[in-house]
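Side chains are part of it too, since the values below use all heavy atoms of this structure and drop only hydrogens, waters and symmetry mates. The shown structure was predicted, so the numbers you read here are calculated from the model rather than taken from an experiment. A note on names: the letters A, B, ... follow the listed sequences, proteins ahead of strands, and every chain is numbered from 1.
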Amino acid sequence: MSTATPGLTRVPSGTSRSALAALLLPVKPLTPHCSVTQAGEHFLDPANTALLSLPIVDAGRVLGCITRHELMLRVYMQPYGRELHGRRAVTTIMDARPLTLSLNTTIEAAGQLIGQNLRRPITEDFVLLDDTGRYAGMGIVLDVLNALETKVSHNTQELEQAYRRLKASQHRLVQSEKLATLGQLVAGLAHEINTPLGYVQNNLGMTRDLLTPALSMLQAGAQVLDAALAGDAEELDQGLQRLADARNDCDPDQFADLIALLDDSLHGVAQIGDLVGNLKDFSRVDSAHSEGVDLHGLIDSALRIGGHLLKKRNVQVQCRYGEVPSLRCAPAQINQVLLNLIGNAAQAIEHDQGLLSIRTQSLGGYAMVAVQDNGRGIAAEVLPRIFEPFFTTKPVGQGTGLGLSICQQIVQAHGGRIAATSTPGVGTRFVVALPIARDTAVAR
Amino acid sequence: MTPAKPCVVLIDDEERILRSLSMLLRGRYDVLATTNPVQVLDWVRQRPVHVVVSDQRMPTISGVDLLRQIREHSPRSMRLLLTGYADLAAVEAAVNDGEIFRFLEKPWDAAKLQEIVALAAQIAQADFERADAAPAVPIAAATTHFGGVLVLDEDPGSAALVRSLLPASCPVATATTVEAAMALLEAQEYAVLVAELRHSSDDVIAALKLLKQASPRTLAVACSSLRDGRLLIDLINQGQVFRFLPKPLGKELLRRALLAALERHGELRHEPHRLRRHVVEAPRQVSLSGRVMDYLRRIRDQAKLRA
């Protein structure tokens with residue numbers, strides 16, 4: 001991992017890997033009695049080749065450091081430098097205030113301290129002290145840089161992983177929002193379909209039961225007619241008897257209602273067909289765009305599919321459609337937006353005089369849909385946040401806070417805009433503006 | 001005067017449902033049908049109504065709410081809920097607030113509906129006739145709790161909670177398996193069985209259904225974190241579960257359920273004919289051990305002796 005410094009073995013450390021202890025080099029220090037010449041020889045020791053400076057320590061106490069650089073400048077490169085300084089104690093030319101760091105210092109903090117305290121160009125190493133402030137060894141600036149780089153790339157990986165996890169969980173949330181919408185849809189549809197299915201099935205069953213006695217009456221009647229035509233008196237008597245019996249089993253009142261029952265059944269089947277037909281818009285591949293989509297058709301089917309949400313609260317629906325040309329859009333997605341707005345409106349209305357008004361018009365190359373309710377409204381401080389992902393005022397577990405955020409994404413992906421205005425206690429109005437097909441064609 | 005034919009009231013916001021059901025039932029019953037909930041309340045106040053079949057999802061009122069009001073005005077009328085979609089909230093309310101006889105789903109099976117309406121009408125007719133003969137004497141609230149409460153739950157916390165909510169005079173027993181519970185029920189009658197539906201090894205749901213058949217007087221308070229509408233519908237129709245409480249148990253809700261159950265048990269002891277109002281359908285399939293079935297047989301025999 002960290003680059004090994006030639007000639008020196010690293011001391012394994014019990015302290016955290018992210019602290020300087022990991023970079024500790026157990027350098028044998030110079031004593032205060034050591035001469036300048038001896039110090040120069042120590043620098044030549046192969047064990048110390050990687051070091052820029054050597055510590056001078058007296059009984060564990062760090063007195064200072066002598067650097068290769070200083071030795072060169074002041075001793076070897078000066079005329080008579082060796083003669084002048086060579087025999088003196090190393091303490092005379094040492095730096096008495098070298099950078100000292102505790103073994104517990106983190107790599108990041110060390111990097112900062114080095115940047116703040118060391119002169120440039122870097123000509124020295126730093127001294128490492130143990131908990132009690134005694135000499136522990138030396139540390140090399142380059143090692144700190146390497147360790148920092150390793151850490152940064154590790155952090156980057158972690159960030160990338162966290163980002164991927166976040167993306168995945170967001171995707172799951174979007175899916176769960178879709179499933180929640182789907183669940184509501186299915187619940188509503190089951191109710192809407194089961195009601196006509198209930199009476200259609202019942203009516204057909206009753207019709208079938210009625211047909212059995214009707215058939216025997218028909219047969220008896222035919223027998224009577226045949227016998228009368230053939231002049232067979234005995235056969236005629238028998239036939240009349242059968243006809244009378246069959247007549248007792250048959251209630252003509254019920255037949256009178258039969259037509260109404262069958263009319264109801266036809267109506268019911270048409271209603272089921274209508275519902276399933278409306279579902280088609282929802283079942284299209286999510287982002288598939290179609291040309292020439294009728295916006296009003298989309299609104300009608302969203303109302304049909306989401307109708308149960310409004311019915312539950314007895315909300316009256318008013319549609320005022322203007323002249324709007326056909327759109328190029330993903331119908332399933334626009335339906336999702338409309339259904340979401342209708343559902344929100346239904347939830348916002350808590351009284352018996354609920355009114356949902358949906359208006360359309362075309363304006364400045366956009367098809368505008370305004371969905372307005374007379375529900376509880378949205379507080380002014382909340383309104384600017386409603387399109388934020390995960391923002392919800394519903395209790396935990398009842399909303400993902402993604403509904404309107406997804407709506408906004410969809411509308412924006414269509415090159416449109418969505419906005420809301422609201423007065424608490426009066427109602428809320430959402431306006432969706434979608435570019436009209438003609439314009440997108442021109443743009444291409 | 002009781003009319004010759006029992007009276008069945010139908011209410012639904014879809015007129016075609018009303019026409020269809022009226023036609024199905026009018027041969028045997030005096031059928032009144034309306035889309036107007038207020039009309040239904042007028043009818044039950046003005047005349048004996050034996051059976052009410054109500055839709056759940058209506059614009060101005062939910063079926064459960066309407067049936068609860070009907071129960072207040074005409075407690076003898078048998079209440080049936082007919083719904084297109086069983087959402088859990090509706091089913092829970094149907095048990096706890098509506099105390100309904102059966103939960104029916106659209107589309108219905110005509111023969112089965114006929115059978116259920118016939119049974120309900122027969123029970124209500126008997127109740128109305130009895131009431132005409134001897135006006136109902138209000139029963140004094142049971143001062144001593146006969147029988148006590150049995151708690152069937154692997155979690156001992158439930159029994160402790162039940163114990164803490166009841167007066168010391170009311171015995172509370174506890175069992176952690178179906179078999180242990182049945183052994184206790186064989187040894188003595190309990191007024192109330194509080195049961196957690198989820199069990200690591202035993203089919204508590206099947207046991208509740210069969211216990212209702214064997215010992216109809218024992219009232220079941222089911223509690224669970226299971227949130228399954230379908231399962232609850234079966235527990236109404238086949239188990240006549242008295243209350244359903246979601247877990248974690250709320251103290252006040254549980255206390256009220258226990259007291260209501262103890263009181264109802266007292267009423268059922270005084271007026272055993274009212275047990276008829278809690279008859280159940282046979283469960284479709286049962287997977288209980290032979291030993292449990294033996295216990296159930298003995299419990300049934302004893303219940304018959306007591307009755």
Sequence neighbours excluded and cut-off under 3.5 Å, please list the side-chain donor-acceptor pairs for residues 109-119 of chain B, or say none.
residue: B:Asp109; atom: OD2; partner: B:Lys112; partner atom: N; Å: 3.0
residue: B:Gln114; atom: NE2; partner: B:Leu24; partner atom: O; Å: 3.1

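Within 6.0 Å of CG on A:Asn248 lie more than 12 heavy atoms contributed by other residues, nucleotides or ligands. More than 12 heavy-atom neighbours from other residues, nucleotides or ligands sit within 6.0 angstrom of CD on A:Gln219. In the displayed structure, B:Arg276 atom CZ is contacted under 6.0 Å by more than 12 heavy atoms of other residues, nucleotides or ligands.
For the atom pair A:His267 NE2 and B:Glu15 CD, the distance stands at 10.5 Å (nearest 0.5 Å). To the nearest 0.5 angstrom, B:Arg16 atom CZ is 11.5 Å from A:Thr195 atom OG1.
In this structure, A:Tyr199 and B:Trp108 approach most closely via the heavy-atom pair N-CH2, 3.8 Å. In terms of heavy atoms, A:Asn194 sits closest to B:Gly84 at ND2-O, 2.7 Å.
Among the candidates A:Leu210, A:Thr207, A:Asp264, the single residue satisfying the side chain to side chain contact (heavy atoms under 4.5 Å, CB included) test with B:Met23 is A:Leu210.
With a 4.5 Å cut-off on non-hydrogen atoms, A:Leu204 does not touch chain B at all. With a 4.5 angstrom heavy-atom cutoff, A:Leu261 touches chain B only via side-chain atoms. Both the backbone and the side chain of A:Asn202 have a heavy atom closer than 4.5 Å to some heavy atom of chain B.
In this structure the side chain of B:Ser20 reaches within 4.5 angstrom of the side chain of A:Met206, judged on heavy atoms.
Between A:Asp257 and B:Arg26, at least one side-chain N (NZ, or NE/NH1/NH2) sits under 4.0 Å from a carboxylate O, which counts as a salt bridge.
Your options are B:Gln56, B:Lys106, B:Glu14, and the one with the most heavy-atom pairs under 4.5 Å with chain A is B:Lys106.
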